[in-house]
*Asks:* 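First the structure, which I've put down as structure tokens, then a few questions once you've had a look.
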Amino acid sequence: MTTWRKSSHSGAGDDRSCVELTRLGPSIAIRDSKHPATPPLFLTPAQWRTLTHAVKTDSYGL
């Protein structure tokens, strides 16, 4: 059984709007908790580091 972890930025008590992730073999899988049956996005560890760095440094202007 796969254990999904919720993002620490998910709204408190709002299980409908969060990102979840898990480690599947060498990949990091990411899914939208609103649609758990939809196939997740798979990233390599290097891609995950690039994504998290870009988000933390606001490279995407979000």
Side-chain angles (χ1 to χ4, degrees):
M1 184 169 118
T2 301
T3 302
W4 291 89
R5 293 182 13 207
K6 289 183 184 179
S7 167
S8 61
H9 293 282
S10 296
D14 184 3
D15 291 339
R16 296 171 296 143
S17 61
C18 61
V19 173
E20 298 175 318
L21 51 107
T22 193
R23 183 74 97 138
L24 291 176
S27 299
I28 293 128
I30 305 167
R31 73 179 184 183
D32 180 346
S33 65
K34 294 182 303 253
H35 306 285
T38 301
L41 171 67
F42 291 95
L43 300 175
T44 65
Q47 290 170 322
W48 175 251
R49 284 189 300 275
T50 299
L51 174 65
T52 56
H53 175 75
V55 170
K56 287 176 184 179
T57 59
D58 199 26
S59 296
Y60 296 122
L62 301 175

*Asks:* Shortest non-hydrogen contact from Pro26 to Pro45?
*Replies:*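 Closest heavy-atom pair between Pro26 and Pro45: O-CD, 3.3 Å.
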
*Asks:* Is there a path of hydrophobic side-chain contacts, each under 4.5 Å between heavy atoms, that joins Leu24 and Leu41?
*Replies:*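 Looking at the clustering, Leu41 is in a separate group from Leu24.
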
*Asks:* First locate atom OG of Ser27, then atom CG of Leu21, and finally report the distance between them rounded to the nearest 0.5 Å.
*Replies:* 12.5 Å

*Asks:* Let me check something: do Val55 and Val19 share a hydrophobic cluster, defined by ILVMFWY side-chain heavy atoms less than 4.5 Å apart, either directly or through other members?
*Replies:* yes

*Asks:* For Arg23, does the CZ atom sit with more than 12 other heavy atoms under 6.0 Å from it, leaving out its own atoms?
*Replies:* yes

*Asks:* May I have all residue pairs that pass salt bridge (charged side-chain N to carboxylate O under 4.0 Å, His left out) and include part of residues 38-47, sequence neighbours excluded?
*Replies:*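 Applying salt bridge (charged side-chain N to carboxylate O under 4.0 Å, His left out) to every pair that reaches into residues 38-47, excluding sequence neighbours, yields nothing.
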
*Asks:* Locate the shortest heavy-atom distance separating Thr22 from Thr3; write the atom from each residue and the value.
*Replies:*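 Thr22 and Thr3 have their closest heavy atoms at OG1-O, 2.8 Å.
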
*Asks:* Please round to the nearest 0.5 Å and tell me the distance separating atom CG of Leu43 and atom CD1 of Ile28.
*Replies:* 6.5 Å

*Asks:* Do you know which two heavy atoms are closest between Trp4 and Pro40, and how far apart they sit?
*Replies:*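 Taking Trp4 first and Pro40 second, the nearest heavy atoms are CH2-CB, 3.9 Å.
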
*Asks:* What is the minimum heavy-atom distance between Gln47 and Thr44, and which atoms define it?
*Replies:* OE1-N, 2.8 Å

*Asks:* When you compare the side chain of Asp32 with that of Thr38, does any pair of heavy atoms fall below 4.5 Å?
*Replies:*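 A side-chain contact under 4.5 Å is absent here.
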
